[in-house]
Engineer: 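Dumping the structure here so I can ask a few things about it.
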Amino acid sequence: MNIADGFELVVMTAVSAARPDPELRVDEWSEEFMKLPKSAAAPGDFRFERTPYARRVAQVLSPGHPCKRVVAKVASQMFKTQTAINWIGACIHRAPANILALQPTDGLAKRFSARVSQAIRNVKELRECVSAQRSRDKRNTTQAKDFKGDATLYINTAGAAANLAEITVRYLFIDEVDRLPPLVEGDSVEIAEARATQHERDCKFYEVSSPTLEGFSKIDELFLMGTQEVYLVPCPHCGHHHQLELANFRYRRDPDTGFMDAAWFVCPECGSEIEERYKSSMFLDPAAGGTAHWHATAKGDGETVSFTMSAFYMPIGAIGWLSLARQYERARTALQRGDHTLMQVFYNTRLGLSYRNSETTTTAKQLQDRAERYAPRVSPEPALVITMAVDTQPNRLEVQIEAWGPGLEHWVLDYITLIGSPSESPETPGSVWERLDEIRRTPVLHASGRPIMISAYGIDAGGANTQDVYNYGSQRRAFNCTVLHGATRPNKPIMGSAPNRVDIEWGGTKTPNGVELWQVGTDVAKDYLSARLQLGDGPGAMHFHDQLPPEWFEQMVTEQPRVRYTKGRAIREWIKPNGARNEAWDVSVYNLAIAYQLGLHKWSALDWKHLREKLIPPTLELFAPVAAPPAAAGAEESPPDVPSAPDESSLPDQTSREEAHQPVRPPEAPAPARAPVVQTFVQPNPSPMGRRILSRGVR
């Protein structure tokens, strides 16, 4: 019988099955298999000769490398996306498992899917692994591509957590991390990484982006978790290894034409000029016979390898140093006009750095250094009108009192934190609302010695205690309490021309039109204040004393402006880091809104002169006892458009009238003998224009 012996076949099969898969090196796979399309800058076989610095990034993406997360915070159009395609192709071919590629928008997802499909068509080994694309075949679509090993490449947007649901993956690629839309459910990156929970020991994440604003950049956070590697290149003159940085970048203009005609680097060691023609030899890594290398500047968390690189490392044929110099010079010219847009683009997309308006934005330390030595709760001599603003938090009220003078120059007099729940009734003894009333009733001492009452105050109705603010504000309209809320649309006036009337629940009954809700253009107000934080004095300048708490200064600079684009339209908005506090900034904005509601921004020098004559008689000496003014002075005619104080019959009842005019002396300062207390009232004008008239009266 001629029967074949199957023993040898069984043994060979068992040995083959027991033999481990060959190690997958993504850098080696890329040069062996990847084909670049004809539209690429260097079509044909992929080689690291053009971008030698991308070799190490591919190496750490290899499944056998122990790191879990690879972060690339680099300039635009560098090696990010092509490295991702090489890595995905290598995994499909040699280490099949589910892959998730996330993009910020549908358009970017479609473009990335097209590039992956092109790579599959160009590489025979990938064509054999991926299901053929047919019109009715759901195994190979824009959003999903099945390949051998019962695995799938998912290409989705990060716009909704539902796009990530019910997907278990081993490999994760997140493109343009800083441009991912925010999710209500939480952090987009954390939610995406949770898709690899079942592959905790062998998962791999590749997260890339050019950064955005300093303090608001997610790629910055991820980069700081890792080794923070920079690419060091040798000086062609002395051999010193250094990073190509903006600080060592130089350029010049032709003296005859005025056009920029040369750009180069200066070696920080020997001072020699390094021309762009040295790029090819400088960038070579040891694998190509050079000495350039990645240098880790931090230990990291033990599972993240992170890289950063600027466009100065672009290969020959891409954007050159001279073009970068011209772009930088245009950004500097725009910055001198106060336009930060071009400089932010240069920092983000060319330097690979997050941007902070460091040349004009005031820091907390700068504010503290500028703090003045004037007494809290004492209005400086130029200031004649006092306002107060309140920010509500679930367990406290944050209160700021300011004094205003000509040209809206203003002084922060006090910042007070009232601990307690705003949910308590204002009638409850010791409640935060009762303590706020006490502050409102307490006059502020003027530098002349004259006590001045708070003219008006505003309370933010946003947050978790909206109804409580409505209830409180509706009962104190006669004391010029204004309920405020930030405008939902940009570029609204600092203070609206007319309020919205809101029904409220009070005392168990519903009151139609129970409270007036005034809209504040917070973005416009923040632009106004931010632009004037640099001023030391004069119109619009903001003064603050040196006894304010340190956190006040931090909160004043925590928010930053950002420009985003929606349907091609630029939208400027103010944002703050997650978890950061900004109550001091908010109450500063609301004080400005109250000043606008009083019409102080329209006051002329004559208006301020008449108010000064009423509040501070020329004979009044500083902190000297003052006799009561004669009756004839009280009957003096008011200046134009400034009517006398309203009749007390307009107040709710006798108790309220007495409370409104009862002077409460500051405990830290002696009250002048028989000094009249000044109460400044604001009443809305019922005219169609909604104009508000400031009335002044002296008792």
Side-chain angles (χ1 to χ4, degrees), residues 375-379 386-403 411-445 451-485 504 506-507 515 544-545 547-549 551-552 555 581-591 593-594 651-653 655-669 671 677 679-680:
R377 299 296 287 270
V378 176
S379 176
I386 312 298
T387 64
M388 181 172 71
V390 185
D391 182 75
T392 57
Q393 298 294 326
N395 64 342
R396 66 190 186 278
L397 300 180
E398 303 282 346
V399 183
Q400 183 161 300
I401 302 173
E402 296 192 24
W411 289 258
V412 177
L413 301 185
D414 205 358
Y415 188 82
I416 309 158
T417 299
L418 301 177
I419 301 298
S421 173
S423 299
E424 293 181 319
S425 171
E427 282 74 30
T428 302
S431 69
V432 289
W433 299 116
E434 184 184 62
R435 284 176 277 159
L436 181 64
D437 283 338
E438 183 65 23
I439 294 172
R440 185 257 305 165
R441 289 192 296 262
T442 303
V444 171
L445 193 65
I452 303 177
M453 299 299 296
I454 292 174
S455 299
Y457 66 117
I459 306 179
D460 177 22
N465 297 95
T466 300
Q467 187 62 48
D468 299 309
V469 175
Y470 287 170
N471 295 342
Y472 174 87
S474 65
Q475 299 299 306
R476 285 154 179 80
R477 194 179 305 170
F479 304 118
N480 301 318
C481 175
T482 302
V483 179
L484 308 169
H485 77 109
I504 65 168
W506 178 251
V515 69
F544 28 84
H545 58 75
Q547 297 183 46
L548 291 166
E551 55 269 22
W552 184 91
Q555 293 176 25
R581 291 181 54 186
N582 65 339
E583 294 92 340
W585 183 234
D586 283 344
V587 290
S588 298
V589 166
Y590 292 134
N591 266 298
I594 294 298
L651 295 175
D653 51 40
T655 302
S656 299
R657 289 195 294 272
E658 293 174 357
E659 180 186 67
H661 295 292
Q662 179 65 36
V664 181
R665 294 167 180 166
E668 69 277 10
V677 177
Q679 176 72 61
T680 306

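Please read all numbers here as calculations on a predicted model, not as lab measurements.
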Engineer: Between Val587 and Tyr415, does a side chain to side chain contact (heavy atoms under 4.5 Å, CB included) hold up when you go through it step by step?
Structural biologist: CA-CA 10 Å; Val587 290; Tyr415 188 82; 3.8 Å; yes
Engineer: Can you tell me how far the CD1 atom of Ile401 sits from the CG atom of Asn591, to the nearest 0.5 Å?
Structural biologist: 9.0 Å
Engineer: Could you measure the distance from the CG atom of Leu484 to the CD1 atom of Ile594? Nearest 0.5 Å is fine.
Structural biologist: 5.0 Å
Engineer: Who are the salt bridge (charged side-chain N to carboxylate O under 4.0 Å, His left out) partners of Asp414, not counting sequence neighbours?
Structural biologist: Arg377
Engineer: Hey, mind stepping through Tyr457 and Ile439 against side chain to side chain contact (heavy atoms under 4.5 Å, CB included) and telling me if it holds?
Structural biologist: CA-CA 11 Å; Tyr457 66 117; Ile439 294 172; over 6 Å; no
Engineer: Who pairs with Arg581 by side chain to side chain donor-acceptor pair (under 3.5 Å), at least two apart in sequence or on another chain?
Structural biologist: Glu398, Glu583
Engineer: Please determine, by modelled atom types, if Asn395 and Gln393 share a side-chain donor-acceptor pair under 3.5 angstrom.
Structural biologist: no
Engineer: Looking at side-chain heavy atoms only, is the closest gap between Ile386 and Leu413 below 4.5 Å?
Structural biologist: yes
Engineer: Would you call Asp437 and Tyr472 a side-chain contact if the rule is heavy atoms closer than 4.5 Å?
Structural biologist: yes
Engineer: Go through the steps to decide whether Val399 and Met388 satisfy the test side chain to side chain contact (heavy atoms under 4.5 Å, CB included), and finish with yes or no.
Structural biologist: CA-CA 7 Å; Val399 183; Met388 181 172 71; 3.5 Å; yes
Engineer: How about Ser423 and Asn465: does a side-chain donor come under 3.5 Å of a side-chain acceptor?
Structural biologist: yes
Engineer: Are side-chain heavy atoms of Glu402 and Val412 found at a separation under 4.5 Å?
Structural biologist: yes
Engineer: Please find the pair of heavy atoms, one from Gln555 and one from Ala584, that lie closest to each other, and give the distance.
Structural biologist: OE1-N, 2.8 Å
Engineer: Of all the heavy-atom pairs spanning Asn480 and Ser455, show the shortest one and how long it is.
Structural biologist: ND2-O, 3.1 Å
Engineer: Going by distance alone, is a donor N or O of one side chain under 3.5 Å from an acceptor N or O of the other, for Asn471 and Gln467?
Structural biologist: yes
Engineer: Determine the minimum heavy-atom distance between Pro422 and Pro394, stating which atoms define it.
Structural biologist: CD-O, 3.4 Å
Engineer: Can you name the residues that form a side chain to side chain donor-acceptor pair (under 3.5 Å) with Trp552, not counting sequence neighbours?
Structural biologist: Gln400
Engineer: So which of Arg441, Arg440, Arg435 actually passes side-chain hydrogen bond (donor to acceptor under 3.5 Å, both in side chains) with Glu438?
Structural biologist: Arg441
Engineer: Is there a donor-acceptor pair under 3.5 Å between the side chain of Thr387 and the backbone N or O of Ala456?
Structural biologist: no
Engineer: Return the set of residues passing ring-ring contact (aromatic ring centres under 6.0 Å, His included) with His485 (not counting sequence neighbours), or none when no residue passes.
Structural biologist: none
Engineer: Applying side chain to side chain contact (heavy atoms under 4.5 Å, CB included), can you list everything that pairs with Thr392, at least two apart in sequence or on another chain?
Structural biologist: Leu397, Trp433, Ile459, Val469
Engineer: Taking salt bridge (Lys or Arg N to Asp or Glu O under 4.0 Å) as the cut-off, I'd like each qualifying pair that reaches into residues 458-473, sequence neighbours left out, listed once.
Structural biologist: none
Engineer: If you look at every heavy atom in Ser431 and Ser425, which pair is closest and at what distance?
Structural biologist: OG-O, 3.3 Å
